[in-house]
Structure formats: C-alpha cells, structure tokens
Amino acid sequence: MLPSRTFLLLIFVICGGCTALYLAFFSYYKAEELQAAKGRLALYKSTLESEIERISYFPYVLSKDAHVIAGTLRKDRHSLNLRLKDFAERSQLDAIYLMDVTGLTLASSNYDQENSYVGSNYSFRPYYQQAMQGQMGEFYGIGVTTSLPGLFISAPVYAPNGTIAGVIAMKLNLGRLEEAWMKAGESVLLSNEDGIVLLSSNPDWRYKVLFDLSAERRSEIKAMRQFDKTPLVKLNWSNTNEYQATVNNVPYLLVTQDMPTRNWTLYFFANERSIQVRTWSMLITLIVIISLLFAAWQFKKTRRIGAALRESQADSADLREANRLLAIEIEDRKHAERRLQRTQDELARTSRLAALGQLSVSVTHELGQPIAAMKNYLTAAEISQQPPKVTLISQMSGLVARMENITRQLRFFSRPGSKEFEAVNLQDVLKGSEELLIPNLTAGRIQYGFHLPDHPVIVRGNKLRLEQVLTNLMRNAVDAMLDEEERLLQVTISHTKTHGIVRITDTGSGIGQSTIRDLEEPFYTTRASGEGMGLGLAISTEIVKEHGGMIHAENREPKGAIFIIEIPLEEETENA
Ligand code: ADP
C-alpha cells in the first residue's frame, strides 16, 4: 500500500525539523568553538610576543658591555666565551656570540660544543647585515651550523671611537612553544611574511609554504640560507572561506591572528569533526527525549481512548438494556391492548346477548299464546272425532314443532342462569344428551361411539345446562354429516390435571376457515332458513363460560370437525 499524503508530509516535516535543528546546533557549537579558538590564539600570541620581548633588548645591552667591546679587539677571548655561556644559560638562549666586522665569529657561548659558532662566518645572514648598518637585526631561520631553528636577534658593537667594531647576536629557540601547543592537542602554526611555516604543533606542517613563492623570492631565501637545505614544499591545504579550511582533506575551523611587528601570522585550526560529533550527540539526545515524550503522550492518549471506549461500551450496554426494557414494555402494552380489545368484544357480545335475552322474553310471550291455542284446537279436533284433513294436521304440527323449537331456544335467554352448581360426572352428562339425541342419530343413520375412561370425571357444574351444550354440539355434528356418505360421530371424555375434557369428532363438512369466535356469534348459521337460528354455539359458549371453561373448534383430517370442551375439575374449583 502506498503511504498516505499525511504520512509523507509528516516524514517531510520530521526531516525538515531535524535538518533545521542540526544546522542550529552546528552553528551554535561552531560559534562557541570559534570564540574559544580566538581566545586560545590571543593567548598564544601574547606568549610568543612576551617570549621574544623578554630578550629583544638583550643584544643592545650586551653591545655596551666592556668585555664584549674588548672582545672585538680580540682581547681575552676565553673569559668572553665563559661570560657569554653564562649569560646564555641564565637567559635560556641557544647561543650568544660575537662577530667581527667581516661576520667571522670571534667568541660564542657554545665555544666548547661540537658545532661551535667560533670561526664560522655569518656575513650572509640578514641580521648581521642589519647590525652592520647600525640597526637592531632580527631573523628567523635554521642554523647553518647546528641545523636547529631559532630567532636570531643582533646589535652593532661600537668601538670607543664610534665606529662599528663588530656584531653581537643571540639565538632564541621557540621550540618550547611548539611543545606547549602539541601538549594542548591543538593544531597551531606560525608563518612568516613569505607564508612559510616557522613553528607548528604538527611537525609535518613545519617549513611548508602556505602560498606560492616567486622564483626570485625563493633564490633570495636560498641566498640567506634561511631554511638551509629544506625544500619548502607547499602545504596541502585550502582556505575555503574566512573561518573554514581543509588541511590534507581534513576540515577545520580556522582562526588567524596577525603579528604586525614581525609580519608573522598565527593560525589556529579547530577540528570541525568534534563540532559535528557534539552536534550529532545533542541532536540524537533531543530526538530521544522528544520520542520518549511522544511515546508517553501516545501511551496516555491510548489509555484515554481505551477508557472512553470502555465508557461508551458501558453506555451502549445501558442503552441495549433500556431498549430491551422498552421492548418488554411495548409488548406488555400490546398485550394490554389485546386484552382490552377482547374485553371490549366480550362487552359488546354480552350486551348483544342481553338485548337478545329481552327479545326472547317478548318472542316467547308472543309465540307461547298462539301455540297453546293451536294445541287446544288440535286437541278439540281430536276430541270431536271428526276426521281432520291430513295435510292440514301434518302442516300444523310441523309448524308447531318448529315454533316450539324456536321458543325452546329463546327461552334459554329469558331464563336466568341457574347458579346451582354441583359435582357432575361428565359421563352422566353424555348419557343424558345421548338419550335426547337418539331419534336424530337413528333418523340420520349415524354411526357413533363413545370413548370413556373407567373412572368418573367430576366437574363442578349444572348437569342440565351441560347436557344442553353436549346436545347442541352433537346435533350440529349430526347435521353437518347428513350430506356425507361416511357418518361417524365419536365422543371422547378425558381429563388433564385441572380440566375435564369432552371431544366431539365428526366426519362432516368441517368448519373451513372459520374460527370458534366466528361460529359462536349469535345468529351465525350456514343452515337453510328455518333449519337453524345460529344460536346453538352462542348458547353453548355462554354456558361453558359460566362453568369457567372454554370451547375450541378445529378441522379434522381428512374430513370433519372437532369440538373440544374444557370444564374445570371439581377438585380444582374447590382448591381455587
Ligand atoms: P345453527 O346450528 O342453528 O346453525 P349453531 O350456532 O349451532 O347454529 O352453529 C352455527 C354454525 O356453525 C352452523 O350453521 C354451522 O355452519 C357451523 N357448525 C356448527 N357445528 C358444526 C359442525 N360440527 N360441522 C360443521 N359446521 C358446524
């Protein structure tokens, strides 16, 4: 996957930041190093100058010395040699020596050493020539006799008549300064007006040339044998800018200090690598600190996010719990609504039945009178022994029977429900209903069978009312089977722990898509007009409810219907 733009930007910013920090640290350490280098250089300059100043007037003083003046007259050389040796030792000089006007050394502090100056002629040396012109002479060079470098300082020696009678000179070894630079571990060099390195903490650099020398100048230097046989090779260095230089490809910070009195220059080379090391270590330390701080911040942030996550998880758990409770409440409300709806339905039904009850009172009253009258007429006709017309009689009795049926059914509503409940054996109830129905069963050629337990099933109820229910249901079953070939009615009595159960099964038309709620509606019937009023199930349901029970209806496989009545057992009712 390619890194995102933000990631690239972050890398860029980090790199940029590190570079800026590196440059800032580098320039800080560089400035610090330059400052320190300037301080060291000023110190070296003053040391060098004071070392030279210490003895610069010594040749002049000696030129006035009576022994020295006498020496030019070649008098008592030995005691002069001793005297010069003593002076040289006390003033830490390499040599003090006296030359005559031709440059020949007459007496010298190193008279007794192997490479003594005595007898040597130094007329080619500039310091001799300067003194012979009546001036103080000064010259840095390698000794042609000793091959040791040093600063030569000279003064003319005047005879009592005022003429120059000789030259007194001395040689100062500056090697001790070089040693001090070396010990300090610093890279320092001193160059003369020709750019030739006179002194250096690094011996390889000594007598190297910093700048190109003209051939003319080279021959002049050769003539005065300033550096004797040393080849004066160019130093491998370059001065890139004011404070930057490389020597033998090693980068240095460069600080220079001019010494105008002698046209000399001091060079101080500070190692740039040490600045780079200090810069890198500072940068790495800073990066490590920043990384640690960042890691600590990230750690804190992760913990904070974790805590927030846990909190939100707890919140969502609370929310889920609240949702669950809400769902339960909604379900409860739905239940309550359904219960309310059922109660309202029940109320409507009860009020319909109440209205029906009133209706039945009046219908019973209205029908009762003519029926009684018709019965009386028929009885009278029988008594009169006159043969009545057969058709009339049969029509009338059919009419009477139908009207009687109507009144019987309607009477149920007019009669207040008997509350006289007792222990009733369901098997006895079935027996009573069977007796009532035998004519229908026979006429309808119904095959029937009862499946009864070998013990009584006792419920609490009114036997007659329960008989009415069973009779209704069995009659419905018979009626439903009249058009069928197979006509089998089965009644089973059983019980659960709490209820007695009567199951009436037929092989009739079945109840189709209807439910018991549809069928039990008063006046709901599928019979032809005059054959049923649709009150049987309404009455039966009402009776069963009075008993604290209920009726179910369902289709039977493959054909027919099953009606189930549940009535609480006697014991259950007592317990309750
Ligand atoms: P009725 O018998 O006067 O029609 P009911 O209330 O007894 O009134 O019955 C209502 C209706 O229920 C019947 O018209 C009939 O359609 C249906 N029914 C009742 N019992 C059965 C049954 N065993 N098989 C099929 N349908 C039945």
Side-chain angles (χ1 to χ4, degrees), residues 345-346 348-350 352-353 355-357 359-360 363-364 367 398 401-414 430 433-434 436-437 439-441 443-451 465-493 501-546 549-566:
D345 289 352
E346 203 62 35
R349 196 165 163 276
T350 312
R352 275 204 304 278
L353 286 175
L356 194 63
L359 174 76
S360 64
V363 171
T364 308
L367 280 179
R402 205 182 290 173
M403 290 201 297
E404 211 174 10
N405 192 26
I406 293 166
T407 50
R408 193 161 31 86
Q409 289 201 26
L410 290 172
R411 200 175 297 129
F412 169 79
F413 291 102
S414 61
L430 179 60
S433 300
E434 185 194 0
L436 285 172
L437 272 178
N440 302 55
L441 292 167
R445 294 194 306 280
I446 306 291
Q447 244 188 300
Y448 69 95
F450 297 157
H451 306 277
R465 306 277 277 173
L466 289 176
E467 259 178 31
Q468 196 178 351
V469 174
L470 253 62
T471 310
N472 264 337
L473 296 188
M474 282 161 74
R475 186 181 286 133
N476 278 349
V478 169
D479 290 347
M481 288 190 289
L482 288 179
D483 294 337
E484 306 296 329
E485 280 196 0
E486 190 192 6
R487 301 171 187 178
L488 177 62
L489 171 71
Q490 294 187 83
V491 182
T492 312
I493 293 180
I501 295 168
V502 184
R503 185 182 264 267
I504 299 158
T505 314
D506 65 60
T507 53
S509 54
I511 60 169
Q513 296 294 314
S514 308
T515 64
I516 187 68
R517 299 272 163 262
D518 303 328
L519 303 183
E520 74 185 23
E521 279 298 309
F523 305 110
Y524 174 84
T525 181
T526 55
R527 310 273 184 82
S529 169
E531 284 180 15
M533 287 185 68
L535 289 173
L537 279 178
I539 293 165
S540 302
T541 312
E542 209 50 41
I543 294 171
V544 171
K545 278 191 180 166
E546 273 174 21
M550 60 198 301
I551 299 182
H552 308 283
E554 57 194 53
N555 283 311
R556 171 183 173 272
E557 284 302 324
K559 229 176 162 322
I562 306 171
F563 281 75
I564 302 159
I565 308 161
E566 290 180 19

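Computed from a predicted structure; not experimentally measured. Every number for a ligand or one of its atoms is a count from 1 in the order of the listing.
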S.K.: Could you go through the side chain to side chain contact (heavy atoms under 4.5 Å, CB included) check for Asn472 and Leu537 one step at a time?
M.R.: CA-CA 7 Å; Asn472 264 337; Leu537 279 178; over 6 Å; no
S.K.: May I ask you to list the atoms of ligand 1 that are less than 4.0 angstrom from any heavy atom of Ala480?
M.R.: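 Taking each heavy atom of Ala480 in turn, ligand 1 has 22 (C), 24 (N), 25 (C) under 4.0 Å.
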S.K.: Against heavy atoms of Ala477, which atoms of ligand 1 measure under 4.0 Å?
M.R.: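 Selected atoms, number and element: 23 (N).
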S.K.: Nearest to atom 25 (C) of ligand 1 by heavy atom, Ala561, Gly536, Gly510: which?
M.R.: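 Minimum heavy-atom distance to atom 25 (C) of ligand 1 goes to Gly510.
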S.K.: What do we get for Ser509 next to ligand 1 when only non-hydrogen atoms under 4.0 Å count, side chain, backbone, both or neither?
M.R.: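 For Ser509, only side-chain atoms sit under 4.0 Å from ligand 1.
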S.K.: Enumerate the residue pairs fulfilling salt bridge (Lys or Arg N to Asp or Glu O under 4.0 Å) with a member in residues 504-523, sequence neighbours excluded, ordered by first and then second residue.
M.R.: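 For residues 504-523: Arg349-Glu520, Arg352-Glu521, Arg517-Glu520.
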S.K.: Output yes when a side-chain donor or acceptor of Thr507 lies under 3.5 Å from a complementary backbone atom of Gly560, and no otherwise.
M.R.: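 Such a contact is absent between Thr507 side chain and Gly560 backbone.
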S.K.: Give a yes or no on whether Arg503 atom CZ has more than 12 heavy-atom contacts from other residues, nucleotides or ligands under 6.0 Å away.
M.R.: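 Open: at most 12 neighbouring heavy atoms sit under 6.0 Å from CZ of Arg503.
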S.K.: Can you tell me if Gly508 has a non-hydrogen atom under 4.0 Å from ligand 1?
M.R.: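 Checking ligand 1 against Gly508, which is what was asked, there is no heavy-atom contact under 4.0 Å.
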S.K.: Might you work through the side chain to side chain contact (heavy atoms under 4.5 Å, CB included) test for His552 and Ile516, ending with a clear yes or no?
M.R.: CA-CA 6 Å; His552 308 283; Ile516 187 68; 5.8 Å; no
S.K.: Please report whether ligand 1 has a polar contact with Leu537, defined as an N or O pair separated by less than 3.5 Å (distance criterion only).
M.R.: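 Between Leu537 and ligand 1 (N or O atoms, distance only) the closest approach is under 3.5 Å.
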S.K.: Run down the list Asn555, Ile504, Thr507, Leu519 and name the one with the heavy atom closest to atom 17 (C) of ligand 1.
M.R.: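 Result: the heavy atom closest to atom 17 (C) of ligand 1 is in Leu519.
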S.K.: Show the nearest heavy-atom pair for residues Leu437 and Thr471, with the distance to one decimal.
M.R.: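 The pair with the smallest heavy-atom distance is CD1-O, 3.9 Å.
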S.K.: Within the side chain of Arg556, is there an N or O that forms a donor-acceptor pair under 3.5 Å with the backbone of Thr505?
M.R.: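 Such a contact is absent between Arg556 side chain and Thr505 backbone.
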S.K.: Which bit of Asp506 is near ligand 1, meaning a heavy atom under 4.0 Å away: side chain, backbone, both or neither?
M.R.: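 The side chain, only.
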S.K.: With a cutoff of 4.0 Å, is Asn472 in contact with ligand 1, counting heavy atoms of the residue only?
M.R.: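 Outside the 4.0 Å threshold, so no.
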